[in-house]
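What follows is one structure encoded as structure tokens, with my remarks underneath.
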Amino acid sequence: MYYFIINPRSRSGKGQEIWDNVKKRLDEENLEYEAYFTQRQGHAAELAHQIAALSIPCTLVVVGGDGTANEVVNGLVKTVYTHITLGYIPTGSGNDFARGLGLTKDTKKAVEQILAPACIEKMDIGIAQSDKEKRYFLISAGIGFDASICHEALHSGLKDLLNRYGLGKLTYAAIALKQLFLYRPCPVDIRLDKKRISRFPRCFFVAGMNLKYEGGGCKFCPDADHSDGKIHICVAGKLSKLKILTMLPTAFIGKHIWFKGIQIEQGHVVEIISRRPLPVHCDGESFGFRSSLSLRTAPEQISVITG
Ligand SMILES: Nc1ncnc2c1ncn2[C@@H]1O[C@H](COP(=O)(O)OP(=O)(O)OP(=O)(O)O)[C@@H](O)[C@H]1O
């Protein structure tokens with residue numbers, strides 16, 4: 001059985017248009033499926049939970065952006081999800097989930113991949129925890145400057161404007177420029193696997209990655225592996241604003257790692273303590289402001305159709 005969760009509002013309404021094409025193709029194949037449309041924030045999580053709770057072995061396909069995929073996984077983890085195979089048709093602005101898994105952005109090919117999967121892989125699910133609150137992620141969780149960009153992008157009219165011209169990906173770059181001038185770096189301590197503490201007196205951000213890319217294509221952790229049970233981190237720990245400005249474009253090809261002040265690490269448990277509460281994101285969705293954050297992977301992986 002196939003279930004589809006569609007965010008018609010993804011990429012400022014393009015999601016509905018893409019779904020119409022997908023539906024045409026599914027109907028040509030006489031496929032048995034059920035389709036559910038998200039109506040508001042948080043709705044994708046509720047729908048995913050309900051579908052998983054049916055306990056029917058099935059393919060659950062997300063038709064949406066990274067935010068919708070994030071909501072779906074947060075719904076699935078509330079119950080048993082081992083009988084679910086996750087499929088994904090990207091219709092978002094950033095599309096880092098598809099990029100990280102090597103999924104096609106061509107809708108027609110994406111439908112073919114879902115109907116006849118060449119490859120189904122087990123993937124880690126990341127957990128971001130602060131005090132007693134938890135949020136799960138598929139792509140990345142970040143604290144500091146990168147999260148301040150996500151927080152602003154969630155409420156910015158710029159995304160709608162740029163999406164109108166097919167330039168939604170630039171939203172993150174444009175907001176990054178603005179946030180670069182506003183953002184105040186902050187002392188941050190990082191502890192890996194309960195052992196080593198590293199101190200960063202002027203930290204800009206810590207990106208905890210399950211996949212290689214975030215922020216619309218920044219290859220922050222070129223060696224991140226979605227099935228190694230680890231969180232890979234990219235710490236912008238000691239760079240001037242001018243250096244951040246020159247470093248960011250090189251992150252699109254993963255060459256930022258050569259900058260002095262960028263540190264790449266990996267571990268099973270990453271604990272981050274900051275001097276003041278900083279913005280946190282999970283797959284681009286807000287996880288509030290936190291001064292302590294721990295990142296790890298869930299014991300149970302999820303089956304995902306990959307490219
Ligand atoms: N019917 C709806 N109306 C308005 N917002 C919705 C609706 N359904 C879902 N949402 C919200 O839309 C937000 C953005 O969705 P999504 O991430 O899928 O698309 P995007 O922002 O275009 O893509 P990306 O995250 O890749 O940049 C999510 O926070 C989700 O909660």
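Scope of the values below: all heavy atoms of this structure, side chains included, with no hydrogens, waters or symmetry mates.
Residues Leu192 and Glu271 have side chains not in contact (no heavy-atom distance under 4.5 Å, counting atoms from C-beta outward). In this structure, the side chains of His232 and Lys212 stay at 4.5 Å or more apart for every pair of heavy atoms. The shortest side-chain heavy-atom distance between Ile262 and Cys234 falls under the 4.5 Å cut-off. Residues Ile84 and Thr59 are not in side-chain contact: their nearest non-hydrogen atoms beyond the backbone lie 4.5 Å or more apart. Residues Cys221 and Asp223 are not in side-chain contact: their nearest non-hydrogen atoms beyond the backbone lie 4.5 Å or more apart. Residues Thr91 and Asn7 fail the side-chain proximity criterion, which asks for heavy atoms closer than 4.5 Å. No side-chain heavy atom of Met247 sits less than 4.5 Å from a side-chain heavy atom of Lys255. Proximity of Lys238 to Lys260: side-chain heavy atoms (C-beta onward) are nowhere separated by under 4.5 Å.
Other residues sharing the hydrophobic cluster of Phe289, ordered by chain and number and joined by side-chain separations under 4.5 Å: none, the residue standing alone. Under a 4.5 Å side-chain heavy-atom criterion applied to ILVMFWY residues, the cluster that includes Leu242 comprises that residue alone. Applying the 4.5 Å side-chain rule to ILVMFWY residues, one finds that Val269 remains a lone member of its cluster. Hydrophobic cluster membership for Ile197: none, as no Ile, Leu, Val, Met, Phe, Trp or Tyr side chain comes under 4.5 Å of it.
Between Cys218 and Phe252 the shortest heavy-atom distance is SG-CZ, 3.8 Å. Across all their heavy atoms, Cys203 and Val235 have their closest contact at SG-CG1, 4.1 Å. Nearest heavy atoms, Ala48 versus Leu60: CB-CD2, 4.3 Å. Heavy atoms only, all atoms of each residue included: Asp131 and Ser292 are closest at OD1-OG, 4.4 Å.
In the hydrophobic clustering of this structure, Ile253 does not group with Leu248; members are Ile, Leu, Val, Met, Phe, Trp, Tyr whose side-chain heavy atoms approach within less than 4.5 Å, directly or through other members. When the side chains of ILVMFWY residues are joined at heavy-atom separations under 4.5 Å, either directly or via intervening members, Phe205 and Phe200 end up in a single hydrophobic cluster. In the hydrophobic clustering of ILVMFWY residues, with side-chain heavy atoms under 4.5 Å counting as a link, Leu54 and Val80 come out apart. Under a hydrophobic-cluster definition in which Ile, Leu, Val, Met, Phe, Trp and Tyr are linked whenever side-chain heavy atoms come within less than 4.5 Å, directly or via other members, Met123 and Val61 are assigned to different clusters. Put simply, Ile5 and Leu115 are part of two different groups of oily side chains (I, L, V, M, F, W, Y) that touch within less than 4.5 Å, one to the next.
For the 3.5 Å distance criterion, the side chains of Asp66 and Asn70 fail to qualify, holding no donor opposite an acceptor. There is no side-chain donor-acceptor pair under 3.5 Å between Ser274 and Ser291. For the 3.5 Å distance criterion, the side chains of His281 and Glu214 qualify, holding a donor opposite an acceptor. Looking only at atom types and distance, the side chain of Gln266 has a donor-acceptor partner in the side chain of Lys230 under 3.5 Å away.
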- Query: After noting the C-alpha distance and the side-chain angles of Tyr36 and Ile6, does the key distance pass the side chain to side chain contact (heavy atoms under 4.5 Å, CB included) rule?
  - Reply: CA-CA 6 Å; Tyr36 299 92; Ile6 305 121; over 6 Å; no
- Task: Give the intermediate values and the outcome of side chain to side chain contact (heavy atoms under 4.5 Å, CB included) for residues Ile125 and Val77.
- Result: CA-CA 9 Å; Ile125 298 177; Val77 293; 4.2 Å; yes
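Note that CG of Leu211 and NZ of Lys219 are 12.5 Å apart. Values are rounded to the nearest 0.5 Å. Interatomic distance, OG1 of Thr297 versus CG of Asp228, reported as 8.0 Å (0.5 Å rounding). Here OG of Ser10 is found 6.5 Å from CD1 of Ile18. Values are rounded to the nearest 0.5 Å. Rounded to the nearest 0.5 angstrom, Lys24 NZ and Glu29 CD are separated by 14.5 Å. Going from atom NZ of Lys241 over to atom CD1 of Ile244 covers 9.5 Å, rounded to the nearest 0.5 Å. We find the CZ-OG1 distance between Arg9 and Thr68 to be 11.5 Å, quoted to the nearest 0.5 Å.
Under the ring pair (Phe, Tyr, Trp, His ring centres under 6.0 Å) criterion, the residue pairs touching residues 66-98 are Tyr88-Phe97, with sequence neighbours excluded. Pairs passing the side chain to side chain donor-acceptor pair (under 3.5 Å) check and including a residue from residues 102-112, sequence neighbours excluded, read Arg25-Glu112.
Under the 3.5 Å distance criterion, the side-chain polar atoms of Asp193 are matched with a main-chain donor or acceptor of His268. A donor-acceptor pair is defined here as one N or O able to donate and one able to accept, closer than 3.5 Å; such a pair exists between the side chain of Glu71 and the backbone of Gly42. One N or O on the side chain of Asp283 and one on the backbone of Ile139 form a donor-acceptor pair closer than 3.5 Å. Side-chain atoms of Asn95 never come within 3.5 Å of backbone atoms of Pro90 as a donor-acceptor pair (strictly under, hydrogens ignored). Arg99 contributes a side-chain N or O that, together with a main-chain N or O of Gly94, makes up a donor-acceptor pair within less than 3.5 Å. Side-chain atoms of Thr38 never come within 3.5 Å of backbone atoms of Arg40 as a donor-acceptor pair (strictly under, hydrogens ignored). When atom types are taken as modelled, the side chain of Asp96 and the backbone of Gly215 share a donor-acceptor pair closer than 3.5 angstrom. Without hydrogens or angle criteria, His43 side chain to Gln39 main chain gives a donor-acceptor distance under 3.5 Å. Side-chain atoms of Asn74 come within 3.5 Å of backbone atoms of Tyr136 as a donor-acceptor pair (strictly under, hydrogens ignored).
Every residue meeting the side-chain contact (heavy atoms from CB on, under 4.5 Å) condition with Phe287, not counting sequence neighbours, appears here in chain and number order: Ala128, Ser130, Glu133, Arg135, Val280, Cys282, Arg290, Leu293. For Ala53, the side-chain contact (heavy atoms from CB on, under 4.5 Å) criterion is met by no residue, not counting sequence neighbours. Looking at residues two or more places apart in sequence or on another chain, you find a ring-ring contact (aromatic ring centres under 6.0 Å, His included) between His256 and Phe220. By the side-chain contact (heavy atoms from CB on, under 4.5 Å) test, Asp20 pairs with Gln16, sequence neighbours left out.
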Can you give each donor-acceptor pair under 3.5 Å made by side-chain atoms of residues 178-186, sequence neighbours left out, with the distance rounded to 0.1 Å?
from   : atom 1 : to     : atom 2 : distance (Å)
Lys178 : NZ     : Glu152 : OE2    : 2.8
Gln179 : OE1    : Ser148 : OG     : 3.4
Gln179 : NE2    : Glu152 : OE1    : 2.8

Check: residues 300-307 side-chain donor-acceptor pairs under 3.5 Å, at least two apart:
from   : atom 1 : to     : atom 2 : distance (Å)
Gln301 : NE2    : Asp124 : OD1    : 2.8
Ser303 : OG     : Lys122 : NZ     : 3.2
Thr306 : OG1    : Glu121 : OE2    : 2.8

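No more than 12 heavy atoms of other residues, nucleotides or ligands lie within 6.0 Å of CD in Glu32, so this atom counts as exposed by the packing criterion.
For the pairing with Ile114, the side-chain contact (heavy atoms from CB on, under 4.5 Å) check across Thr85, Leu103, Ile89, Leu26 returns one residue only, Ile89. None of Tyr3, Phe4, Tyr2 except one satisfies the ring pair (Phe, Tyr, Trp, His ring centres under 6.0 Å) rule with Tyr33; the exception is Phe4.
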